[in-house]
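First listed ligand is number 1; within each ligand, the first listed atom is number 1. Keep in mind the model is a prediction, meaning the values are calculated, not measured. When a residue number appears, it is its place in the shown sequence, counting from 1.
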Amino acid sequence: MIPVLLWFLFQAPPTLDLPRVDQNPFTTSEDIALGQKLYNGRCAGCHGLTGDGGKGANLAVPALPRARTDLALYRIVRYGLPETEMPATLLAPQEVWQISAFVRSLGSSPNQGAKGDPAKGEQLVLGTRGGCLQCHAIALQGGRMGPALTDIGAKRSPGHLRRKLLEPAAEITESFRLATVVTKAGARITGVRLNEDPFSLQLRDFSDTMHSFFKDQLASVNVERRTTMPSYKNRLTDAEIDDTVAYLLSLRGNLP
Ligand code: HEC
Ligand code: HEC
């Protein structure tokens, strides 16, 4: 009985206060302008001012893969996407609709990420010219020093992907940061930080060995601001960067 009650308490019941209409009732040009203001304040930091700039998913597409209907879009904007970086927002229903109207309008602007050739990009990324599999996994092959790229196209915008190739230190992901810990016994270990919570921390060192620490065993933890991801600015041509971005955008896990 009590576990069942607790389950109900911790289960956010999103469907309970979903609006009763399927179609966005707030789509006038004033609504879109108000939505843009809200978007600039709350969403542009991750998605970029034009929807394709930041480290959020690309919103400047004609059809959003997870928000084909207005109600699906409403639900994502209001409640976020669980277990991803996409947060919930506490806004009045009218404001959620207005942001949604603005988000839809982003899809009508041209998408600069798609100008490359994904087939060429694939050869580059999987082959030695890019050498990306040294550190990244795509589907089941590749390394583990960096995050898997299997669904990167669903998660990130073309702008972020392009910057990641040209200037990798500019937008470093929170996961897969380099960290150095010194234990109270005096051992120093550097590796990729996989997880950290208030009590523990997990690292994978460069010889692929996992280390798990309770924080009270540690004298210091230093999470670094540099990244091991190399810049491809001088290693690939502009056209090759476009091809690589186009290929990365096509990697969408199970999404269409
Ligand atoms: C902290 C960063 C962050 C903020 C703030 C943020 N988003 Fe997101 N958003 C993301 C990420 C990351 C994803 C992709 C999640 C994934 O698949 O891993 C995403 C996904 C989405 C999607 C799904 C797109 C699809 O694939 O169909 C929509 C729509 C969206 N965001 C809209 C918004 C709106 C509107 C706001 C402001 C109210 C907002 N986001 C605020 C990071 C953010
Ligand atoms: C020497 C290792 C290494 C190589 C080689 C490498 N990367 Fe990375 N990459 C990383 C690490 C570590 C991260 C995570 C930390 C960060 O954001 O910089 C990362 C992050 C990324 C991200 C951002 C992921 C996100 O969630 O936003 C993308 C995209 C990416 N790499 C693509 C590539 C591509 C494409 C190539 C080949 C052209 C490549 N990487 C080559 C180590 C590498």
Discussion item. One thing to verify: whether Arg156 and Glu85 come together as a salt bridge, which I'm taking to mean a side-chain N less than 4.0 angstrom from a carboxylate O.
Written reply: yes
Fill in: N, O or S of Cys43 under 2.8 Å from atom 8 (Fe) of ligand 1
no
Discussion item. Strictly under 2.8 Å of atom 8 (Fe) of ligand 2: which protein N/O/S atoms qualify?
Written reply: His136 NE2, Met229 SD
Worksheet item: Just which atoms of ligand 1 are under 4.0 Å from any heavy atom in Ala67?
Response: 27 (O)
Discussion item. Students should be able to answer this: which protein heavy-atom is nearest to atom 17 (O) of ligand 2, and at what distance?
Written reply: Thr173 OG1, 2.4 Å
Worksheet entry | Lys233 atom NZ, neighbour heavy-atom count above 12 within 6.0 Å | no
Discussion item. Out of all atoms in ligand 1, which are within 4.0 Å of some heavy atom of Cys46? Include the element for each.
Written reply: 1 (C), 2 (C), 3 (C), 4 (C), 5 (C), 42 (C), 43 (C)
Fill in: For ligand 2, the portion of His160 having any non-hydrogen atom under 4.0 Å away
side chain
Worksheet entry | Shortest protein contact, atom 41 (C) of ligand 2 (heavy atom only) | Tyr232 OH, 3.3 Å
Discussion item. Yes or no: does Leu165 have any heavy atom under 4.0 Å from an atom of ligand 2?
Written reply: yes
Worksheet item: When you measure from the side chain of Arg204 to the backbone N and O of Arg144, does any donor-acceptor pair fall under 3.5 Å?
Response: yes
Worksheet item: At a 4.0 Å threshold, what atoms of ligand 1 neighbour a non-hydrogen atom of Val103?
Response: 35 (C)
Worksheet entry | Heavy atom of the protein closest to atom 29 (C) of ligand 2 (residue, atom name, distance) | Leu161 CD2, 3.5 Å
Worksheet entry | Asp242 with Arg162: basic N within carboxylate O range, under 4.0 Å | yes
Practice prompt. Check Leu178 against ligand 2 and report side chain, backbone, both or neither, counting heavy atoms closer than 4.0 Å.
Written response: neither
Worksheet item: What does the angle at atom 8 (Fe) of ligand 1 come to, between atom NE2 of His47 and atom SD of Met86, rounded to 10°?
Response: 180°
Item to complete: In plain terms, say whether Glu240 and Arg235 are close enough for a salt bridge, that is, a side-chain N and a carboxylate O under 4.0 Å apart.
Response: no
Item to complete: Using a strict cut-off of 4.0 Å, indicate which atoms of ligand 1 neighbour a heavy atom of Arg156.
Response: 12 (C)
Worksheet item: Charged N to carboxylate O below 4.0 Å: is that the case for Lys55 and Glu171?
Response: no
Worksheet entry | contact_flag Pro65 ligand 1 heavy-atom lt 4.0 Å | yes
Worksheet item: Are any of the side-chain heavy atoms of Val181 and Ser220 separated by less than 4.5 Å?
Response: no
Worksheet item: Would you say Pro93 and Tyr74 make side-chain contact, with heavy atoms under 4.5 Å?
Response: yes
Response to the item:
A student checking ligand 2 against Met145 at a 4.0 Å heavy-atom cut-off should list atoms 12 (C)
Discussion item. Is there a side-chain contact between Leu194 and Leu203 in this structure, where contact means two heavy atoms from C-beta onward sitting under 4.5 Å apart?
Written reply: no
Worksheet item: Mind checking whether Lys155 has an N or O less than 3.5 Å away from an N or O of ligand 1?
Response: no
Discussion item. Given 3.5 Å as the limit, does a donor-acceptor pair link the side chain of Arg252 with the main chain of Gly153, or not?
Written reply: yes
Worksheet item: Any idea which atoms of ligand 1 are less than 4.0 Å away from a heavy-atom of Leu73?
Response: 29 (C)
